[in-house]
Amino acid sequence: MTEVERHTYDVVVVGAGGAGLRAAIEAREQGMRTAIICKSLFGKAHTVMAEGGIAASMGNVNSDDNWQTHFRDTMRGGKFLNHWRMAELHAQEAPDRVWELETWGALFDRTKDGRISQRNFGGHEYPRLAHVGDRTGLELIRTLQQKVVSLQQEDFKEYGDHEARIKVFQEYTVTRVLKGHSVRGEDRVSGVFGYQRESGRFFTIEAPAVVLATGGIGKSFKVTSNSWEYTGDGHALALLAGATLVNMEFVQFHPTGMVWPPSVKGILVTESVRGDGGVLRNSEGKRFMFDYIPDVFRAQYAETEAEGDRWYSDQANNRRPPELLPRDEVARAINSEVKAGRGTPHGGVYLDVSTRLPAEEIRRRLPSMHHQFKELADVDITAEPMEVGPTCHYVMGGVEVDPDTAAASVPGLYAAGEVAGGMHGSNRLGGNSLSDLLVFGRRAGLHASLYAAALAERPELDEEQISAAAEEALNPFEGTGGDGPSENPYTVHQELQQTMNDLVGIIRREAEVAEALQRLVGLRERAERAVVEGHRQFNPGWHLALDLRNMLLVSECVARAALERTESRGGHTREDHPQMDSAWRKVNLICSLAEKGGADGSDGQIALVRKDNPPIRADLLALFETSELKKYLTDGELPSATIPEQRTDADADVDADVPDGAEQ
Amino acid sequence: MSYQANFRVWRGDSSGGGLEPYQVEVNEGEVVLDIVHRLQATQAPDLAVRWNCKAGKCGSCSAEVNGRPRLLCMTRMSTLPPDEPVTITPMRTFPVLRDLVTDVSFNYTKAREVPSFVPPQGLKPGEYRMAQEDVNRSQEFRKCIECFLCQNTCHVVRDHEENKPAFSGPRFLMRVAELDMHPLDAAAEEGLDRKRSAQEEHGLGMCNITKCCTEVCPEHIKITDNALIPLKERAVDRKYDPLVWLGSVIKRRK
């Protein structure tokens, strides 16, 4: 029998970022013995990188805001591909999730009357983002981390053991979700298998419910704002366990990443710079975003610089500047400017806040950005513009889940946060990620607990699966993966990143994506021959070799779906199919693990099918003008002729005092 | 503008180790962590180092560069003399696990010893009202990225293993100060005196305000001036003010 450290819990949460910690807190409060698996140290999760804020329609700064408006903005931002039910739940529950953080000790920036302050952000009609300067993610992680600690302190009082009911397994990595059989022979989650970084030893946790909260996939791309942990682990674990991924072609390139010096290329420059007044200029000094307002958004954005500038102080009578268009629009615009030869010396555009706000105000509102540019690029953002360009930031696609329960298709498996799909449609609005983590993290923790508690019989761990998982994890030391020369995992990883960046990046073409799929086959064969030196104790080469499996699986999903979807929408731009197509809005692309040597005769590991996007509920459709819906929906999906009459009346009331709003 | 730099990197584990020499390419704009990554990719694939964000936000890549506690991702090569070898060693205050990675569990243990925020009775979620000027100070402390460089450099524990049980270190004394200055923390109502606990349970008295922690803080938090000294002053006020002392004795007897 394989030597493994063995544990037993009720709920295992894989990932200790915002979604994972919120899920774990909920599971523990539901009375479950809860394990949190943390790839890094506790409190270091990628969530700390989130800067701008948490979107929640608390209406503290503009009392006109409400969940319906937030829902509308989210659907518009996602170009209506969002799962409407997730967008609805998210908009409704986000304020409660933010307020709850205050009761756990979070300290947000305040309004004059002492409430939580809210800032403007791209695609949000009202100032909506609860924030702490430009380090909101850190505040979120620290608050959740300290809440976990406070639960542990309670348990210490009660049981004399901090870890009696909630334990953090730091620097543990899961490589397989294990499954057992129920009495009826149905496959169910039985636990997880993985390794400890420190010792390299294997572990299992037997648990009937597993919540995936592993974040994103950015490390498959060369230029990215994501940390090394973002290797698509949860996406791959779900696929390997038999679950499905939805709409993986939608990858968000954040418009503003640092472009110089080379070593910091891709590091995020927060959208708050633009939310607080920063503007984008090309090398000719032109505010080019005015040339890139798409038709669907024309009604909501300023036509002149003067109007855009007035908006910061008077939102009721002016429309917002186009620098605050959703991220996909801004990223494409920057890409076009650079391509047209109007870029900066280092291949970006200028982002300038120095001429827009007093130096003192910049330091107060954007302290991390000030610090980051000064320390890493010798640029003083209070005195000169920044150079910025698109960077791979977020994946909208993810594990296909039930919107209410966050349950994946495999019984006992749940997913929340970036690893889950559907919520953001084809493009995520800034600020909607942190709220997503909290809303669906809580839901995943809740429903995983209810499931675990209701289970009559816990599925047993299968020793064969454990041996197979151990063997798989040790392959890189044995060098037994197929014929051919042994490979350096770092080299394979760099080539994968280059491939995805060049061929499945921000602008895509059929031939290039097809070529990427070919190259991925070759890279996968080479990754199987990856050999690592040294021993199992804290060996980064080994860890990378194991992560490669996940990155290659996920990259194939992205490429396969990108090839299939012959339209441009949100985070998927096809140069050969530049239009958004209403017929495609109804289509979700679902990836699952293919039988070896796939049915379509390709060498891929992934099977792709189309699935209908469920129709949007009528009362939610009624929140939009028909003229706007026509831009997104097919004629057959539009509400019938009698309903628009009622809707127009209702909307007229709502919009009476918001002339910058929904008029088309 | 590239050049070949000489590096000396500590390799080893809990049983011992030493400095290994490497010659490695350095390019314009790079930070020390870039060089460590290049070493991994080309010469030392199993070189152990912690890192996550590479943007100075997560506080994972703490180590010592030429003897100074630094974040590897925020130490630009251009700030180091190009003709001298660059020495990278693990943080000295914590036990080595492997190469540049140390066992920082001391900090997680200390974190658990600080009683958490106590929510005020009678205020429901959404009803909290606080003025910006009243949260500024605690917000400064909450900028902490928990890199533990202050814990590493503090001489109370740096070469004094024996002080560790009684001393929480600057990071967690600052956490006590942060909660003590939180406008709505209701610890006092629950009978918890955070100032006294700083003194009696977290070793505040051992700090002799040499400001080493402030000097190494990558977030430029004024740990000594804004957290530790005010906490000391308030703790002292309490301890030596006869009325406060009498009051607290009576309260304890209850």
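Below, chains carry the letters A, B, ... as their sequence lines are ordered, and counting in each starts from 1.
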Taking every non-hydrogen pair under 4.5 Å, which of [options] racks up the most with chain B?
{"options": "Leu268(A), Asn226(A), Leu376(A), Leu101(A)", "value": "Leu376(A)"}
{"options": "His535(A), Lys112(A), Arg197(A), Met258(A)", "value": "His535(A)"}
{"options": "Glu163(A), His543(A), Glu100(A), His493(A)", "value": "Glu163(A)"}
{"options": "Pro540(A), Ser117(A), Gly137(A), Gly541(A)", "value": "Pro540(A)"}
{"options": "Leu107(A), Asn539(A), Val48(A)", "value": "Leu107(A)"}
{"options": "Ser263(A), Ser227(A), Pro261(A)", "value": "Ser263(A)"}

### Intermediate values then yes/no, side chain to side chain contact (heavy atoms under 4.5 Å, CB included), Glu139(A) and Gln139(B)
CA-CA 9 Å; Glu139(A) 185 69 14; Gln139(B) 279 189 333; over 6 Å; no
Part of [X] within contact of chain A (heavy atom distance under 4.5 Å):
{"X": "Ala111(B)", "value": "backbone"}
{"X": "Val31(B)", "value": "both"}
{"X": "Ala131(B)", "value": "backbone"}
{"X": "Val118(B)", "value": "neither"}

Given heavy-atom pairs under 4.5 angstrom as the criterion, report whether the side chain, backbone, both or neither of [X] touches chain B.
{"X": "Asn488(A)", "value": "side chain"}
{"X": "Leu41(A)", "value": "both"}
{"X": "Asp113(A)", "value": "backbone"}

Taking all non-hydrogen atoms of both residues, which atom of [X] and which atom of [Y] are closest, and how far apart?
{"X": "Tyr108(B)", "Y": "Phe42(A)", "result": "OH-O, 2.8 Å"}
{"X": "Glu229(A)", "Y": "Asn52(B)", "result": "OE1-ND2, 3.2 Å"}
{"X": "Phe538(A)", "Y": "Val49(B)", "result": "CE2-O, 3.9 Å"}

For atom [atom1] of [X], is the number of surrounding heavy atoms from other residues, nucleotides or ligands below 6.0 Å larger than 12?
{"X": "Gln196(A)", "atom1": "CD", "answer": "yes"}
{"X": "Lys164(B)", "atom1": "NZ", "answer": "yes"}
{"X": "Glu533(A)", "atom1": "CD", "answer": "no"}
{"X": "Gln121(B)", "atom1": "CD", "answer": "no"}

### Query
Salt bridge or not for Arg50(B) and Glu171(A), using N-O below 4.0 Å?
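Yes, this pair counts.
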Measure the shortest side-chain to side-chain distance between [X] and [Y] over non-hydrogen atoms and say whether it is less than 4.5 angstrom.
{"X": "Trp99(A)", "Y": "Lys124(B)", "result": "no"}
{"X": "Ser116(B)", "Y": "Gln153(A)", "result": "yes"}
{"X": "Arg135(A)", "Y": "Lys143(B)", "result": "yes"}
{"X": "Arg110(A)", "Y": "Arg129(B)", "result": "no"}
{"X": "Thr103(A)", "Y": "Tyr128(B)", "result": "yes"}

### Ser199(A) backbone acceptor or donor facing Arg98(B) side chain under 3.5 Å
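Not confirmed, Arg98(B) side chain does not pair with Ser199(A) backbone.
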### Message
When you measure from the side chain of Tyr490(A) to the backbone of Thr42(B), do you find a donor-acceptor pair of N or O atoms at a distance under 3.5 Å?
### Response
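Such a contact is absent between Tyr490(A) side chain and Thr42(B) backbone.
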### Message
Quick check for you: to the nearest 0.5 Å, what is the distance between Cys53(B) atom SG and Met49(A) atom CE?
### Response
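Output value for this atom pair is 4.5 Å.
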### Message
To the closest 0.5 Å, what do you measure between CH2 (Trp104(A)) and CZ (Phe117(B))?
### Response
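So the gap between those two atoms works out to 12.5 Å.
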### Message
Parallel, tilted or perpendicular: which one describes the rings of Trp51(B) and Trp228(A), with boundaries at 30° and 60°?
### Response
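It falls in the tilted class, 30° to 60°.
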Under a 4.5 Å cutoff for heavy-atom pairs, which residue among [options] has the most contacts with chain A?
{"options": "Arg112(B), Lys57(B), Glu146(B), Glu30(B)", "answer": "Arg112(B)"}
{"options": "Leu33(B), Asp13(B), Ile145(B)", "answer": "Ile145(B)"}
{"options": "Glu219(B), His220(B), Glu178(B), His182(B)", "answer": "His182(B)"}
{"options": "Asn136(B), Leu47(B), Asn27(B), Leu179(B)", "answer": "Leu47(B)"}
{"options": "Gln132(B), Glu28(B), Lys54(B), Glu127(B)", "answer": "Gln132(B)"}
{"options": "Met74(B), His37(B), Glu113(B)", "answer": "Met74(B)"}

### Query
Among side-chain atoms of Asp46(B) and Gln537(A), is any donor-acceptor pair under 3.5 angstrom?
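Note: Asp46(B) and Gln537(A) side chains miss the donor-acceptor criterion.
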### Task
Scan side-chain atoms only and decide if Thr143(A) and Arg142(B) contain a donor-acceptor pair under the 3.5 Å cut-off.
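Thr143(A) vs Arg142(B): donor-acceptor pair found between side chains.
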